Amino acid sequence: MLSFFGMTFSHGVHPPDSKSLTEHVAIRRMPFPKRLALPLRQHAGKPARLLVRKGDRVQRGDMIAEADGYVSVPIHASAAGTVAAIDWWPHPDGTMAETVILDVEPWSPQIPRPRLVPDWNGLTPAQVRKAVQGGGVVGLGGAAFPTHVKLSPPADLELEWLLVNGAECEPYLTTDHRTMVEFPERVHFGIRIMMQCLGVQRAVVGVEMNKPDAIAALERTKPADLDVTIQPLVVKYPQGAEKMLIKVVTGREVPSGKLPMHVGAVVQNVGSIATIAEIFETGLPLIERVVTVTGSGVRRPSNLIVPVGAMLGDVLDYCGGLTDDAAEIVFGGPMMGSSQPDMRTPLVKGTTGVVVLTDREVKPKTTYPCIKCGHCLDACPVFLNPSRLGLLAQAGRYEEMRDAYHLMDCMLCGSCSYVCPSNIPLSQMFSLSKNMLRKQQDLVAASAPKKDVA
Amino acid sequence: MEAPRFELTASPHIKGPDSTPRIMWTVVATLVPVVGAAVWYFGPSALLVISASTAGCLLTERVFGPGGAVRDGSAAITGLLLGLTLPPGLPMWMAGLGGVFAIGFGKLVFGGLGQNIFNPALLGRAFLQAAFPEDLTTWPDMSGPWSALRGDNLALPLMSADPVATVTGATPLGLMKFEGTDTELVRLVLGSTGGSLGETAAVVILLGGAYLALKKYLDWRIPVAIFATVALLSALIHLLDPSKPGALFMLFSGGLMLGAVYMATDMVTSPTTPRGAWIFGFGIGALVVLIRLWGGLPEGVMYSILLMNALVPFIDRATKPRLFGTGKEAMA
Amino acid sequence: MSEHKLPMAESGAPPPPVQVESSSVRLVGTLAAAGAIAGLAIVLVFQWARPRIEEHQARVLAEAVTEVLGGPERWQTVFLESGSLTTAPSADTAGLDRVYVGYDVNGDPVGIALVAAEAGFQDVIRLIFGYDPGSGDVLGMKVLESKETPGLGDKIEKDSAFIGEFAEVGSPIRGVKKGRATDAHEEVVMITGATISSRAVIDIINHRLDALRDPLGRFWSSPRALGAADAASPARASGSTSTRGGA
Amino acid sequence: MRATTPREDLLRGIWRENPVLVQLLGLCPALAVTNTVANSLAMGIATFFVLLGSSVLVSSLKRWIPKEVRISAYILIIATFVTIADLVLNAVVPDIHKALGAFIALIVVNCMILGRQEAFASRRPVGRAILDAVGTGFGFLIALTLMGSFREVLGNGTFLGVRVLGEAFEPWIIMILPPGGFFTLGVILLAFGWWKERKVEQVRPRRWPHGVTTGVGGA
C-alpha cells in the first residue's frame with residue numbers, strides 16, 4: 001500500500017507520537033552520578049565474563065567484563081571509580097541480574113586512558129568487526145543485539161543494501177531524531193565504514209516524516225562520493241521494525257523464519273551507526289548513550305547523554321523529578337518497552353528512553369471479551385490473526401498457535417494490544433505463549449538422548 | 001524499597017482510543033435516527049415495540065449476564081435491532097419476550113458477549129417468528145392518523161392480540177410475491193411503505209452505516225458485498241425474466257438495508273478476515289435473492305444472515321491472511 | 001409371553017453357566033427359532049388389529065365424503081379408467097384413480113367427492129372436496145393431511161370460516177384477500193397471514209377439476225340411470241368397503 | 001457390578017438415573033413426539049411396554065441366548081414388541097398413531113432399551129429385571145410427560161386437549177414445533193443443572209493464562 005506522500009507497509013497502527021516534548025530539546029550530557037550499576041548482561045546472547053573484583057579501581061573506558069563467545073560483547077566501565085560490589089541487582093528486564101556496582105570517583109576528571117584510534121580505512125572487514133565487538137557495540141534501537149554479528153554475513157549471501165534505521169516509530173522517543181539532527185556527519189561517517197565493511201554499494205536511511213529537521217540535516221551533510229539515499233517514511237508504527245523497513249525500502253518481504261540478509265539487506269540503527277563512528281573517531285567503547293527522558297510525568301523532559309549503568313532514580317532527579325500524578329515508568333518506548341518499579345534499575349546499552357506516564361495515560365484496566373472486531377488483524381504488520389491466537393492462548397493451545405497460526409512470526413510489536421477495544425493483553429499473551437513453547441522445546445531437548453558434543 | 005508506587009504492566013503501555021463499550025454505544029447512537037424514522041412512519045406503536053424489546057434484552061442481561069455487562073452496550077444494540085425487525089402492531093409482551101430470548105438463548109447460553117455464533121437480535125426475531133407466526137406477519141395499514149396505535153400493542157402478557165385492532169396492509173415484498181404488483185421506488189427509498197419498523201428507513205440506515213464504516217466500527221466489505229450480489233443477481237434475473245423484480249426494488253425493499261448494514265456486520269458473528277467478509281456478504285446476498293424469488297417466504301434476509309452466521313468459523317479458517325514473508329511476495 | 005415355546009431347552013442339554021463356545025449351527029438355530037416365534041406373535045396381533053385399522057380408515061373416508069357432499073344418503077366409488085368414469089372397472093382396481101359419488105334419498109346424485117393432493121407451504125396437502133358438475137359448484141372441502149405451520153398454515157384445516165367458504169362456491173375458485181372481496185360467486189376469502197397455504201388449497205381444487213372436467217361432465221350427463229341402477233345396491237356399507245385405500 | 005437392593009433397582013431409573021434427563025438417552029423420541037401430552041403419554045407407554053416385555057424375556061431367556069448373538073437376539077425381541085405396540089396403537093388410537101408416525105418403529109433403536117437389556121436384564125433375575133424396567137420405563141414416561149405438558153401448555157394453551165390458560169392465551173407455536181423440543185429439553189436440563197450446581201456454589205473467576213497481568217475489576 002503506497003501512500004501519496006511517502007513509503008509505508010500495510011497494516012500497522014497510528015498511536016499519537018507525543019514527541020513534541022523533547023524533539024527540539026538539544027542533547028545534554030548528564031553529570032556522573034555517585035554510583036553506577038553495570039549488569040553483565042546488557043545484550044542479546046551470552047552475558048559477558050567478569051574481569052574485576054570487589055575493590056578494584058577502574059578508569060573510564062576500561063573493560064570490566066569480556067565477551068564470552070561469539071554472540072557476546074564486553075562491558076566497559078562508564079566512569080572512573082571503585083568496584084563497590086558485585087551483586088544481584090534489579091535489571092530492566094524485571095529480573096535480578098549479576099551486576100558490577102561502581103562507586104564513581106568524586107572530583108575525577110573522567111579522562112579515559114589514552115588509546116589508539118584505529119584508522120578505519122586500512123582495516124579489513126574482519127578487523128572492523130573485531131573493533132566493533134571490542135567496543136561493546138550492540139543495537140541501540142532496543143533489542144541490543146551485538147552489532148558485529150550483523151556485520152558478518154555468510155559468504156554465500158550477496159548483500160545489496162545497508163539500511164539505516166532512523167524511523168524511530170515508537171512514540172515519545174527522540175534519541176535517534178536528535179542524533180541525526182545534531183550529529184549528521186557522524187552518522188554519515190558510520191555509514192561509510194559500514195558500507196566498506198559490508199561491501200555494499202547502496203545505503204538508505206529511512207526516516208519518518210515527522211522529523212523533517214533530521215531529514216534536512218542528513219541531506220545537507222550527505223557525502224557526494226557515496227550512494228546514500230535519505231528516504232522519508234510515513235509515520236506509522238512499527239515502521240522501524242527491521243522487516244517493515246526492508247519491505248518499504250526494497251519492496252521485498254523477509255521470508256518467514258529468515259534473516260534480513262536473505263533478501264540482501266543489513267539493517268542498523270542510527271544510534272549504533274553513530275556509536276561505531278565514535279569508536280573510529282575517539283577509540284572510546286560504548287560507555288554512554290543518548291536517552292530520551294520524557295512523558296508528562298517528568299518535570300523536565302530531556303535528551304541526555306547518560307553513562308551506561310546510571311540508575312533510574314539519578315536520571316529522573318536530573319530531569320527535575322516526577323510529577324505527582326506519575327503512574328508508570330517505562331524503559332524504551334511505550335509500545336514495546338517494559339515497566340520499571342524500582343528506582344535502582346540501571347539504564348543499560350539497550351535503553352532508548354525513559355517514559356513516565358501519568359494516571360490519565362495509563363491504559364485502562366477493564367477487559368472485555370473478544371468481540372472479533374478484527375481490528376487486530378488490520379493492525380498486525382505480519383498478517384497474523386491475533387484475535388484467534390488470543391483465544392487459543394487463553395485455552396492453552398500453544399502448539400496450535402505455533403503450527404496453524406504462525407505464533408513464532410509474531411514480533412511482539414504490540415500493535416494488536418494497542419488497537420484492541422476490549423483491552424485484551426494480546427501481545428503479552430503471545431510473549432508468554434512463546435516462552436511456554438520454548439520451555440517445552442527445552443524439556444524435549446533435555447529428555448532426548450544426549451548427542452556427543454565434541 | 002517502598003511499596004510499589006508504580007504501575008507494572010506489560011507492553012504496550014499505551015492504548016488506542018477505541019473500547020468495546022465505545023463501539024457499542026456508537027452503534028446505539030447511530031440507531032437512534034433509525035428508531036426516530038420508525039416513530040415518524042409508524043407513530044407511537046414503534047416506540048412501544050422497540051422499548052419493549054430493548055427492555056427485555058437489558059433486563060435479561062442484567063439478571064443473568066455477568067455483572068456490569070449491561071454497560072458495555074451490546075444488549076442495548078440487540079434490543080434496538082430486534083425491535084426494528086418487528087412489525088409495528090406487535091403486542092409489547094411479545095417484543096419483550098423476544099428480547100429475553102435474544103439475550104438468554106442468543107448470547108448468554110453461548111457464554112456471553114463474543115461467544116455467540118448467531119446474531120442474537122435475529123435469533124430473537126426467528127424465535128418470535130416461529131412462536132407467533134401470525135402476529136409476526138401481520139403488517140398494519142399505513143394510512144390512518146399518526147398518533148393511532150398500529151395494532152394491539154397493549155395486549156396483556158401472554159394474551160392474544162385483538163385482531164380487530166389491526167387493520168392489515170401489505171409489504172412491498174408481499175405484494176410482489178403474492179399479488180405480483182410492484183411498489184414505486186420513490187416510496188421504497190423514502191420508506192412510506194408497510195413493513196417492519198426498521199425496514200422502511202433506507203436512507204437513515206445507509207447514513208448510519210457510512211458513519212460506522214468510516215469509524216471502522218463495521219466492516220464496509222460486508223454490506224457492499226451484499227448489495228453488489230443482490231443487485232447483480234437480481235438485475236441478471238430481471239433481464240432473463242422481466243416478471244421478476246429489478247435490482248433497485250430488491251435493494252430497497254424488505255429488511256435488506258437494516259440486515260446488511262446492522263445485522264450482518266455484527267462483529268461477533270461475522271468473519272474477521274477481509275476475504276472472509278467478501279465471501280460472507282456474497283453468501284448472504286445470494287441467499288436473499290434465492291429465498292425472495294423462489295422460496296416460500298416473501299423475505300429472506302433474516303434466514304440468510306443466520307445461515308451464513310453458522311458458516312463464519314469455517315470462512316475464517318479458510319481465509320487466513322497471508323503471513324508476512326510467505327507466498328509470492330517473499331523473496332527467498 | 002412365548003418363552004416356553006422356545007426350543008433351546010429341548011435341543012441342548014441345560015447350558016453350562018459359562019459358555020465356552022457355541023457352534024454356528026446353534027447360533028443360527030437359536031436366532032431362527034426366535035425369529036419364527038417372534039413372527040408368529042406378530043402375525044397373531046396383526047390378525048387382531050387389521051380389521052380395526054381398516055375399519056378406522058374406512059370410517060375416516062366415509063366421514064370425509066359425507067362431510068364434503070353435505071350428507072348424502074349413500075355413496076359409491078367410481079373409478080377413472082382410460083379417460084372416463086365407470087362403476088364397473090376391469091378386475092384390478094388397485095392403481096386406478098377414483099372419485100366418490102353421493103346420492104340423496106331418491107337415488108338422485110348430489111355431487112362427486114374428489115381427493116386431491118399437491119405441495120403446500122411445508123409439505124403435500126391432501127384434501128377431499130365435493131363437486132357438483134351440474135352447477136359447477138364446489139360443495140365443501142376437508143383437509144385430510146397437511147403439515148402446514150401450526151397456528152398459521154394449519155388454519156386451512158381448523159379455521160371454520162375458511163372451510164365454510166368452500167360450501168357452494170363457483171369454480172374455478174378465485175382466492176381474494178380479506179377486505180377485497182366482492183360478492184362474486186367463485187370467490188374465497190383467504191386466511192390472513194397464511195396466503196400461501198390458502199392459495200395452495202384453492203389451486204389444488206382448481207387443478208384437480210381442470211384435469212377431470214371432461215370425464216366428470218360426461219359421467220354427470222348419464223348418472224341418473226346409474227344412480228337408479230345402483231339404488232338396489234346396499235347403501236353405505238357397500239360404499240365403505242369398496243373404497244378401501246382411497247386415492 | 002455393585003450389588004443393589006430391589007428398591008434401588010426400581011427407583012434408580014425414575015430419578016437419579018433418569019434416562020432422558022440425566023443419562024440423555026432416548027432423546028430422539030423425547031424431542032420429536034412430545035408436542036402434546038397425549039402423544040408423550042402414548043410414546044411413553046409404548047416404550048414402557050416394549051422395555052418391560054423385552055426385559056422380562058431377555059432376563060428369562062438369558063441362559064439360552066448365546067453370547068455371540070445376544071445383541072441380535074435382543075434386537076429381535078425388542079423389534080417384536082415394537083411391532084406389536086405399533087399395531088395395537090394403530091388399532092386402538094389411530095390418531096395418535098398417525099401423529100407419532102415413524103417414531104414408534106424407531107423405539108427399536110432407542111438405546112435406552114437396548115442398554116437396559118445389555119447392562120441389566122441379561123445379568124439379573126427376572127424379578128429384578130422387571131423392577132428395573134418398570135423404574136426406567138416410568139422415568140422415561142415421566143420425562144416425556146414433563147416435556148409434553150410444558151410444550152402443550154405453552155404451545156397450544158391446553159393440557160390433554162383441555163384449555164387451561166384461558167381463551168385469550170396466545171399460543172407459542174414454536175413450542176409444538178421441533179425447535180420447541182430442543183428449548184424445552186434445554187430449559188429442563190438447565191434447571192436440573194442449576195439445581196445441582198446450587199449445592200456446590202463456586203466462584204470461578206475468568207482467568208488469563210498463567211502469568212498474564214491485567215488489572216482487577218474487569219468484566
Side-chain angles (χ1 to χ4, degrees), chain A residues 13 15 171 243 247 252-258 262-263 326-330 334-344 355 357 361-364 368-375 377-378 381-385 387-388 405-406 409 412 414-415 417-423 425 427-428 431, chain B residues 1-24 66 68-69 71-72 74 111-116 216-219 265-274 276-277 312-313 316-317 319-332:
Chain A
V13 295
K243 289 182 173 186
K247 165 83 179 170
R252 297 177 180 179
E253 289 187 4
V254 178
S256 168
K258 294 282 170 80
H262 291 102
V263 293
E328 182 172 14
I329 301 169
V330 177
M335 292 299 287
M336 289 184 77
S338 51
S339 306
Q340 300 301 338
D342 195 326
M343 284 297 170
R344 295 173 301 169
V355 180
L357 301 170
E361 293 159 327
V362 168
K363 62 183 172 184
Y368 296 91
C370 172
I371 54 167
K372 303 183 179 76
C373 63
H375 287 182
L377 276 97
D378 288 340
V382 291
F383 313 140
L384 299 173
N385 184 343
S387 158
R388 181 86 195 128
Y405 292 91
H406 315 293
D409 284 271
L412 302 174
S415 299
S417 302
Y418 175 78
V419 293
C420 180
S422 291
N423 305 327
S427 168
Q428 187 192 6
S431 158
Chain B
M1 193 72 198
E2 59 192 288
R5 179 190 151 193
F6 297 106
E7 299 274 347
L8 199 56
T9 64
S11 65
H13 306 279
I14 51 174
K15 179 65 195 59
D18 283 344
S19 75
T20 297
R22 184 164 159 169
I23 293 178
M24 297 291 178
R71 263 171 290 155
D72 69 28
S74 61
L113 179 64
Q115 311 281 312
N116 48 309
K216 297 208 169 148
Y217 290 172
L218 62 76
D219 191 342
T265 55
D266 171 20
M267 288 168 166
V268 175
T269 57
S270 62
T272 44
T273 62
V312 164
D316 264 345
R317 213 160 299 164
T319 57
K320 267 186 234 166
R322 177 190 68 88
L323 176 67
F324 186 91
T326 58
K328 61 179 191 308
E329 314 257 339
M331 302 230 337

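Treat the numbers as computed from the prediction; the structure is a model and nothing was measured. Note on naming: letters A, B, ... go to the chains in the order of the sequence lines (proteins, then strands), and numbering restarts at 1 for each one.
Under the salt bridge (charged side-chain N to carboxylate O under 4.0 Å, His left out) criterion, B:D72 pairs with no residue, sequence neighbours left out. A search for side-chain hydrogen bond (donor to acceptor under 3.5 Å, both in side chains) contacts involving A:S387 returns nothing, not counting sequence neighbours.
In this structure, CG on B:L8 lies 7.5 Å from CD on A:E328, to the nearest 0.5 angstrom. In this structure, NZ on A:K363 lies 7.0 Å from OG on B:S11, to the nearest 0.5 angstrom. We find the OH-OG distance between A:Y368 and B:S74 to be 10.5 Å, quoted to the nearest 0.5 Å.
Residues A:M335 and B:I14 have side chains in contact (heavy-atom distance under 4.5 Å, counting atoms from C-beta outward). The side-chain heavy atoms of B:P12 and A:S427, taken from C-beta on, include a pair separated by under 4.5 Å. Between A:C373 and B:Y217, every side-chain heavy-atom pair lies at or beyond the 4.5 Å cut-off.
Using a 4.5 Å cut-off between heavy atoms, A:S338 contacts chain B through its backbone alone, with no side-chain atom that close. A:L377 touches chain B through its side chain: at least one heavy atom from C-beta onward sits under 4.5 Å away, while N, CA, C and O do not. Interface residue B:T273: backbone and side-chain heavy atoms are both found under 4.5 Å from chain A. Of the atoms belonging to A:V330, it is side-chain heavy atoms, and not backbone ones, that fall under 4.5 Å from chain B.
Of all heavy-atom pairs between B:L113 and A:P369, the closest is O-CB, 3.2 Å. The two residues B:L323 and A:D409 make their nearest non-hydrogen contact at CD2-OD2, 3.4 Å. Minimum interatomic distance between A:P381 and B:F324 (heavy atoms only, all atoms of both residues): O-CD1, 3.6 Å.
Of the listed residues (A:A327, A:P15, A:G374, A:G257), the greatest number of heavy-atom pairs within a distance under 4.5 Å of chain B belongs to A:A327. Contact count against chain B (heavy-atom pairs under 4.5 Å) is highest for A:I329 among A:V355, A:I329, A:V419, A:N385.
Checked by atom type and distance alone, the side chain of A:S339 pairs as donor or acceptor with a backbone atom of B:T9 at under 3.5 Å. B:K15 places a side-chain N or O within donor-acceptor distance of the main-chain N or O of A:C420, the cut-off being under 3.5 Å. Of the possible polar contacts, one joining the A:E253 side chain to the B:G325 backbone as a donor-acceptor pair under 3.5 Å is found. For the pair A:K372 (side chain) and B:G114 (backbone), a donor-acceptor distance under 3.5 Å is present.
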Verdict with supporting geometry, A:M343 and B:F6, side chain to side chain contact (heavy atoms under 4.5 Å, CB included): CA-CA 10 Å; A:M343 284 297 170; B:F6 297 106; 3.6 Å; yes

- prompt: Which is it for B:K320 and A:F383 under the side chain to side chain contact (heavy atoms under 4.5 Å, CB included) test, yes or no, and what are the steps along the way?
  reply: CA-CA 9 Å; B:K320 267 186 234 166; A:F383 313 140; over 6 Å; no

Just do the side chain to side chain contact (heavy atoms under 4.5 Å, CB included) check on B:I23 and A:H375 with the steps written out, would you? CA-CA 12 Å; B:I23 293 178; A:H375 287 182; 4.1 Å; yes

Query - Residues B:H13, A:L357; criterion side chain to side chain contact (heavy atoms under 4.5 Å, CB included); working and verdict - result: CA-CA 9 Å; B:H13 306 279; A:L357 301 170; 3.9 Å; yes

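In this structure, a donor-acceptor pair under 3.5 Å is present between the side chains of A:S422 and B:T20.
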